[in-house]
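A short worksheet on the structure shown next.
The chains referred to below are lettered A, B, ... by the order of the sequence lines, with proteins before strands, and numbering in each begins at 1. Every value quoted in this text rests on a predicted model; they were computed, and no experiment measured them.
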Protein chains: 2
Amino acid sequence: MAPVKLGLVGIGKIARDQHLPSLSRSADFDLVAAASRNAGVEGVASFASTGEMLDAMPEIEAVSLCMPPQARHRVAAEALARGRHVMLEKPPGATLSEVEHLAGLAASNGVSLFATWHSRHAPGVEPARDWLAGKRIRKMTVTWKEDVRHWHPGQDWIFEAGGLGVFDPGINALSIVTKILPFPIWLTDASLTFPENRQAPIAADLVFAGPEDVSVEATFDFRQIGPQTWDIIVETDQGVLKLSMGGAVLRIDGEEQAMPPEAEYDGLYARFAALIAAGGSEVDLAPLRHVADAFLLGRRQVTEPFFFDPPAGA
Amino acid sequence: MAPVKLGLVGIGKIARDQHLPSLSRSADFDLVAAASRNAGVEGVASFASTGEMLDAMPEIEAVSLCMPPQARHRVAAEALARGRHVMLEKPPGATLSEVEHLAGLAASNGVSLFATWHSRHAPGVEPARDWLAGKRIRKMTVTWKEDVRHWHPGQDWIFEAGGLGVFDPGINALSIVTKILPFPIWLTDASLTFPENRQAPIAADLVFAGPEDVSVEATFDFRQIGPQTWDIIVETDQGVLKLSMGGAVLRIDGEEQAMPPEAEYDGLYARFAALIAAGGSEVDLAPLRHVADAFLLGRRQVTEPFFFDPPAGA
């Protein structure tokens, strides 16, 4: 098949760090245009908006959206209504309902919608799912602690209402949890910590229940200095599984398993191409639903203000 | 058909105000037992827990759950797993995921689950839906303002995490909105006002978008003294529809339409009986999903503390 002509929208950190390198390696896609308010991509036609891009280049068959979630629905709806396949960065939207609307639009326009969860394509995730299948799971412990100043420097949108705060990385953990567990879970207790000057939490503690008294506990923190932690530990009747480095490293009873190199975004684009070829969509809202549940059910506590750069004089 | 033998669980205000009178009128159900921590029902066998009730009376075919949402999932899951049909008061749960789990349990156990929205059975709702069908809707304005001290005297659970606060009545409005609109909507802006001593909001302002530039605005307030307001106004290309009194009164271009008397809970039990007879379930999560979206997307502001009784000395 000829490569799918693709336009990339929202040229920021994640587009440059991940999407552009993966697209440059992909035989499935041909990056022909970019749309972004503030930046272009060298060597491809660049536009200030998605509308202008699709007007000027009707040959574009698919768009991939990398801007923050608060701005994504309008652009995704426009592209779907104009008959283009759409791939969404995570989280797929600022609300569950707007993503439900996009799924309906994709179906009624006969195009593919792919709501991506890049962490599900980490090397250890499929092997972890396979290993857990059929075992009795007793307890799962999720620890996701990272330094927001390092990973999201100056990205104030992440602490705005709808920006998810620490759930922006935490939803990656939840996307792995919901992928590797063979049964559903539901939140029973949550505590969210908000900086007094911000609208999204900087830390969260979650407790989920599941069938047969399984317990799943998750701790997310955006204030981790020094070593960063992205671990999922699963205790079963046949040993202990540990995914670390966000799913890149898998240990069974302490023994590291051989893994292929990290290639999450290559995996996403391969899956997007497969969905387009098959005429299907993939929109799994479970990770975002658990986050919405945490905001709905969670107790709120307030902590000291957060600044990306220390205030003058500090 | 013989009446379905039913156990009522959670004997509080809503059970006494609505469920018991409706059950006493229903030919579809025979109330044979009650389970509640603190209270019984005169003339029927009363138990301290659902488990004890089902152990003692295996002939019970269905249970109806009236306790606050934070406690409902465990009891509903137990009843479904033991092969009983289950009817849930609104909201159907403290999280979306736990209700998804119940829906799965009902399906796998071959019993009916009915997540009720009593306001959808208000007299004006079906006529409003019929009148709106096929008209071009321009704007919808929802105003839901009531006195929490009057309607929920001393019910502190409503302001606890997961109690929903002003969304406890507001979700009634959303259940009507999502029933009468012929298209989906999605939240685009929300502001939630929390008393500084409470974990759930006492007021909320919501803005939704929909297809074709329709706008839906909702204002919920739990601090309304004097006249109470439960209004939905819909401006269309062919006139203005107004539902008031929570759906009991319907006006078209100012002219009041003849309506049958209010019989919301009679309608719920009739629907539950029909679902059981047909072997089906009805679990529409849209109202709760919009509330979760509001917690997820909403800006938070803090207001003065709220007390059901004025503090001593005030």
Side-chain angles (χ1 to χ4, degrees), chain A residues 69-71 73-74 77 81 91 93-105 108 160-165 167 174 178 183-192 194 196 198-201 206 208-211 285-302, chain B residues 69-71 73-74 77 81 91 93-105 108 160-165 167 174 178 183-192 194 196 198-201 206 208-211 285-302:
Chain A
Q70 295 99 324
H73 174 267
R74 189 186 53 76
T95 65
L96 293 162
S97 301
E98 70 178 43
V99 189
E100 299 267 8
H101 172 244
L102 296 181
L105 266 185
S108 61
E160 290 169 9
L164 299 190
F167 286 98
L174 295 173
T178 50
F183 45 68
I185 55 173
W186 51 93
L187 193 72
T188 56
D189 190 75
S191 171
L192 312 185
F194 289 74
E196 67 176 51
R198 301 286 181 169
Q199 285 286 348
L206 311 177
F208 299 85
L285 284 173
L288 185 59
R289 197 182 65 227
H290 287 304
V291 173
D293 284 343
F295 279 79
L296 185 64
L297 183 66
R299 293 181 307 282
R300 289 165 177 70
Q301 50 192 57
V302 175
Chain B
Q70 295 98 323
H73 174 268
R74 189 186 52 76
T95 65
L96 293 162
S97 301
E98 71 179 42
V99 189
E100 298 268 9
H101 172 245
L102 295 180
L105 266 185
S108 61
E160 289 169 9
L164 298 189
F167 287 98
L174 295 174
T178 49
F183 44 69
I185 55 173
W186 51 94
L187 193 73
T188 57
D189 191 74
S191 171
L192 312 184
F194 289 73
E196 67 176 50
R198 300 286 181 170
Q199 285 286 348
L206 312 177
F208 298 85
L285 284 172
L288 186 58
R289 197 183 64 226
H290 287 304
V291 173
D293 283 343
F295 278 79
L296 185 63
L297 184 65
R299 293 180 306 282
R300 289 165 175 71
Q301 50 191 56
V302 175

- Using a cut-off of under 4.5 Å on heavy-atom pairs, state which of B/Glu160, B/Glu98, B/Arg289, B/Arg299 scores highest against chain A. B/Arg289

- Where does the angle between the aromatic ring planes of B/His290 and B/Phe208 fall among parallel (under 30°), tilted (30 to 60°) and perpendicular (over 60°)? perpendicular

- Message: What part of B/Phe183 gets within 4.5 angstrom of chain A, counting heavy atoms only: side chain, backbone, both, or neither?
- Response: neither

- Query: Pick from B/Pro69, B/Ala94, B/Gly104, B/Ala190: which one has the most heavy-atom pairs with chain A under 4.5 Å?
  - Reply: B/Ala94

- Note on the structure: Heavy-atom closest pair (A/Gly165 atom, A/Ala200 atom, distance to 0.1 Å) is N-CB, 3.4 Å

- Looking at CG of B/Leu296 and CG of A/Leu296, how far apart are the two atoms once the value is rounded to the nearest 0.5 Å? 10.0 Å

- Contacting region of A/Phe194 [heavy-atom separation from chain B under 4.5 Å]: side chain

- Nearest-0.5 Å distance, CD1 of residue B/Ile185 to CG of residue B/Leu174: 7.0 Å

- Message: Donor-acceptor check, side chain of A/Arg300 to backbone of A/Phe295, threshold 3.5 angstrom: yes or no?
- Response: yes

- Heavy-atom contact with chain A under 4.5 Å, split by part of B/Leu164: side chain

